[in-house]
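Take a look at the structure below.
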Amino acid sequence: MNDVIRELSWRGLINQTTDDVNLPKLLLEKSRTVYAGFDPTADSLHVGHLMALMILRRFQKAGHRPIAVVGGATGMIGDPSGKSEERKLLSEDSLRANIAGMEPQLRRFLDFDCGPRSALLVNNYDWMGRFGYLEFLRDVGKHFPVNVMLAKDSVRARLERTDAGLSYTEFSYMLLQAYDFVHLYQQHDCELQVGGSDQWGNITAGIDLARRLRGVQLYGCTCPLLTKSDGTKMGKTESGALWLSAEKTSPYQFYQYWINLDDADVGRCLRFFTDMGQEEIESLLGEHQRDPGKRLAQRRLAQELTQLVHDQEGLHTAERATEIFFGAEINHLNDAQLASIFADVPSKQLPREKLATGLPIIDAFVESTLSKNKSDARRVITQGGAYVNNRRIEGIDCTLGLNDLASESTIILRSGKKNYALLRFV
RNA sequence: GGGGAGUUUCCCGAGUGGCCAAAGGGGUCAGACUGUAAAUCUGAUGGCAAUGCCUUCGAAGGUUCGAAUCCUUCACUCCCCA
């Protein structure tokens with residue numbers, strides 16, 4: 001049994017535990033069961049879920065059994081913790097679709113087939129869905145003193161606001177999550193719940209309920225919230241969240257997010273999100289310090305995480321794309337390779353004759369929508385910001401022909417440093 | 001209801017008869033620098049068959065060789081007095 005608490009703590013993954021003395025002992029004694037909840041608010045997990053996922057993963061590696069709970073029931077209610085206003089309710093259909101999207105992603109982080117420590121994936125709708133209202137009030141609600149509930153941070157914060165209310169529905173949320181813990185204890189002997197620091201109130205509610213209902217002592221452990229050194233939320237891009245699904249955030253974009261991470265955040269992220277050991281991380285950071293321009297730490301972080309989330313193949317695609325986006329001329333590629341590398345890039349189909357008869361470079365830029373009109377295209381080209389297959393264009397009179405194709409049917413246009421577009425000739 | 005101020009290009013804002021496709025700033029785009037950051041510097045920024053032509057200064061008419069600029073009407077915005 002590895003000392004998982006010690007590992008989590010040097011990695012900075014522990015914000016607080018409900019019992020700093022007994023919890024580590026318990027976890028060293030024998031294999032225990034631990035759970036974390038995931039709200040199905042979208043059809044994919046995002047970077048915000050990574051912390052909890054990695055914690056479960058480390059528990060499993062240390063010899064414990066992780067349970068991932070998707071909140072099919074709780075998701076219907078909406079957790080008020082950390083939310084400044086009442087949440088919109090999700091329909092049952094979209095919840096189902098969301099859960100279906102999250103499942104395969106969870107499987108990437110946890111091992112579901114390794115004997116007694118195999119991870120479990122459960123949906124709390126399976127036990128909450130059938131619960132009758134009266135039954136719930138009598139069996140569960142009875143054990144919640146309202147004054148205690150009112151004292152919870154998540155509730156108080158909302159009540160103090162004058163511009164946002166808190167509905168009875170959301171107020172009841174913590175009862176559901178508390179009951180989850182009790183249920184998992186009964187069914188799976190689960191004794192520990194982990195979550196973000198904003199989950200403290202919900203976790204302790206579950207522990208209290210278990211004591212009252214079953215007379216047992218359960219445990220909780222929270223991790224810090226994931227923020228960047230500049231105070232902004234980690235995993236937020238201009239275009240929204242950084243998703244774990246390749247459809248919502250391409251492996252390239254995912255990889256690039258980590259490559260571009262601030263020096264100040266990279267050490268923490270290496271500890272949080274990679275399986276690298278303490279010494280290895282220290283020496284990598286030392287090396288990074290000597291030549292920060294090389295971005296050694298960011299590069300390693302991006303590699304580790306992209307591989308974990310998108311597999312070896314996704315990492316390859318991302319790295320190849322990076323090479324091309326920041327590198328040399330493009331040629332000798334085939335359509336399939338280009339399609340995966342330039343998955344995020346707008347493309348346009350044109351008849352092949354256009355190219356065969358010679359396509360003026362200005363028209364090509366307008367067609368690709370890189371330039372909104374011919375004057376714009378002319379401007380970019382004369383200023384030296386226009387590239388075909390990453391080769392700079394000299395002169396506005398240039399004409400594209402069949403031998404400018406980078407692959408069977410595609411020409412890659414670029415305006416400036418990072419605006420790409422594809423023209424496909426079919 | 002009476003009086004006053006205003007409406008300019010992506011945004012703010014200058015422009016009171018020709019030198020106005022319209023100052024300046026912001027934004028945006030491009031270039032240089034750089035660590036794929038920030039900052040900085042430089043250039044560009046209505047359209048086109050481009051040393052020219054066409055369209056644009058709230059809308060429509062008018063005066064004039066010539067109008068963002070002067071006149072008339074209309075629309076909208078703001079301020080003051082009732």
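Letters A, B, ... are given to chains in the order of the sequence lines, protein chains preceding strands, and every chain is numbered from 1. Fair warning: this is a prediction, and the values are worked out from it, not measured in the lab.
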Task: Nucleotide of B:A49, B:U45, B:A32 approaching A:Arg379 most closely (side-chain heavy atoms) - done: B:U45

Distance-only donor-acceptor pairs under 3.5 Å for side chains of residues 47-73 of chain A, two or more places apart:
residue, atom, partner, partner atom, Å
A:His49, ND1, A:His46, N, 3.0
A:Arg57, NH1, A:Phe109, O, 3.2
A:Arg57, NH2, A:Asp275, OD2, 2.9
A:Arg58, NH1, A:Thr274, O, 3.4
A:Arg58, NH1, A:Asp275, OD1, 3.3
A:Arg58, NH2, A:Arg271, O, 3.4
A:Arg58, NH2, A:Phe272, O, 2.5
A:Arg58, NH2, A:Thr274, O, 3.1
A:Gln60, OE1, A:Asp111, N, 2.8
A:Gln60, NE2, A:Asp111, O, 2.8
A:Gln60, NE2, A:Arg117, O, 2.9
A:Lys61, NZ, A:Asp275, OD2, 3.4
A:His64, ND1, A:Arg32, N, 2.9
A:His64, NE2, A:Leu27, O, 3.3
A:Arg65, NE, A:Thr33, OG1, 3.3
A:Arg65, NH2, A:Thr33, OG1, 3.3
A:Arg65, NH2, A:His188, O, 2.8

Task: RNA chain B base-pair string [pairs: Watson-Crick or G-U under 3.5 Å; |: paired with another strand] - done: (((((((..(((.....[.....)))((((((.......))))))(((...)))...(((((..]....)))))))))))).

Open item on the list: Give the residues of residues 360-374 of chain A touching RNA chain B, defined as any heavy atom closer than 4.0 Å, sorted by residue number.
Closed with: A:Asn373, A:Lys374

TODO: Using atom CG of A:Asp397 as one end and atom C1' of B:A49 as the other, report the distance to the nearest whole Å.
DONE: 14 Å

Task: Distance in Å, A:Lys152 NZ paired with A:Trp200 CH2, rounded so as to fall on 0.5 Å steps - done: 9.5 Å

Open item on the list: Strictly below 4.0 Å, N to O, side chains only: are A:Arg300 and A:Glu287 in salt-bridge contact?
Closed with: no

- [ ] Would you mind telling me which residue lines up with the more 5' stretch of RNA chain B, A:Asp376 or A:Tyr387, judged by nearest nucleotide?
- [x] A:Tyr387

Task: Spacing of the C1' atoms in B:A44 and B:C10 (rounded, Å) - done: 15 Å

- [ ] Take atom C1' in B:C48 and the same atom in B:U55, then report the distance between them in whole Å.
- [x] 10 Å

TODO: Using whole Å, report how far CG of A:Asn419 lies from P of B:U28.
DONE: 13 Å

Task: Sugar-phosphate, base or nothing in reach of A:Ser415, heavy atoms under 4.0 Å - done: sugar-phosphate

Open item on the list: Heavy-atom nearest nucleotide on RNA chain B for A:Arg392 versus A:Val380: which residue maps closer to 5'?
Closed with: A:Val380

Task: ring pair (Phe, Tyr, Trp, His ring centres under 6.0 Å) partners of A:Tyr255, counting only residues at least two apart - done: none

Open item on the list: Rounding to an integer number of angstrom, what distance separates B:C53 and B:G62 when you compare their P atoms?
Closed with: 25 Å

- [ ] Verify the distance criterion only: is there a donor paired with an acceptor across the side chains of A:Asn419 and A:Arg414 at less than 3.5 Å?
- [x] no

Task: Ring-face cation of A:Arg107 near A:Phe112 (centre distance under 6.0 Å, axis angle within 45°) - done: yes

Task: Pairwise P distance, B:G2 and B:G66 [rounded to whole Å] - done: 37 Å

Task: B:C48 OP1/OP2 closer than 4.0 Å to side-chain N/O of A:Ser375 - done: yes

- [ ] Taking A:Asn98 for its side chain and A:Pro40 for its backbone only, find out whether a donor-acceptor pair lies under 3.5 Å.
- [x] yes

Task: P gap between B:G15 and B:C33, integer Å - done: 41 Å

Open item on the list: So, taking the atom named OG in A:Ser368 and the one named CG in A:Leu422, what distance separates them when rounded to the nearest 0.5 Å?
Closed with: 9.5 Å

Open item on the list: Any carboxylate oxygen within less than 4.0 angstrom of a Lys/Arg side-chain nitrogen, looking at A:Lys374 and A:Asp363?
Closed with: yes

Open item on the list: Between B:C65 and B:U77, how far apart are the two P atoms, rounded to whole Å?
Closed with: 38 Å

Task: Residues forming a side chain to side chain donor-acceptor pair (under 3.5 Å) with A:Tyr219, sequence neighbours excluded - done: none

TODO: Report the distance from atom CD of A:Glu394 to atom OG1 of A:Thr382, rounding to the nearest 0.5 Å.
DONE: 12.0 Å

Mind listing the N/O atom pairs, protein and nucleotides 34-43 of chain B, below 3.5 Å?
residue, atom, partner, partner atom, Å
B:G35, O4', A:Gly293, O, 3.4
B:G35, N1, A:Asp263, OD2, 3.0
B:G35, N2, A:Asp263, OD1, 3.0
B:U36, O2', A:Asn260, OD1, 2.4
B:U36, O2, A:Gln256, OE1, 2.7
B:U36, N3, A:Gln256, OE1, 2.8
B:U36, N3, A:Gln256, NE2, 3.3
B:U36, O4, A:Gln256, NE2, 3.4
B:G43, N2, A:Gln383, OE1, 3.1
B:G43, N2, A:Gln383, NE2, 3.4
B:G43, N3, A:Gln383, OE1, 3.2

Task: CG on A:Leu370 to OG on A:Ser415, rounded to 0.5 Å - done: 5.5 Å

- [ ] Quote, to the nearest angstrom, the C1' distance that separates B:U45 from B:A22.
- [x] 14 Å

Task: Separation between the C1' atoms of B:G6 and B:A14, rounded to whole Å - done: 15 Å

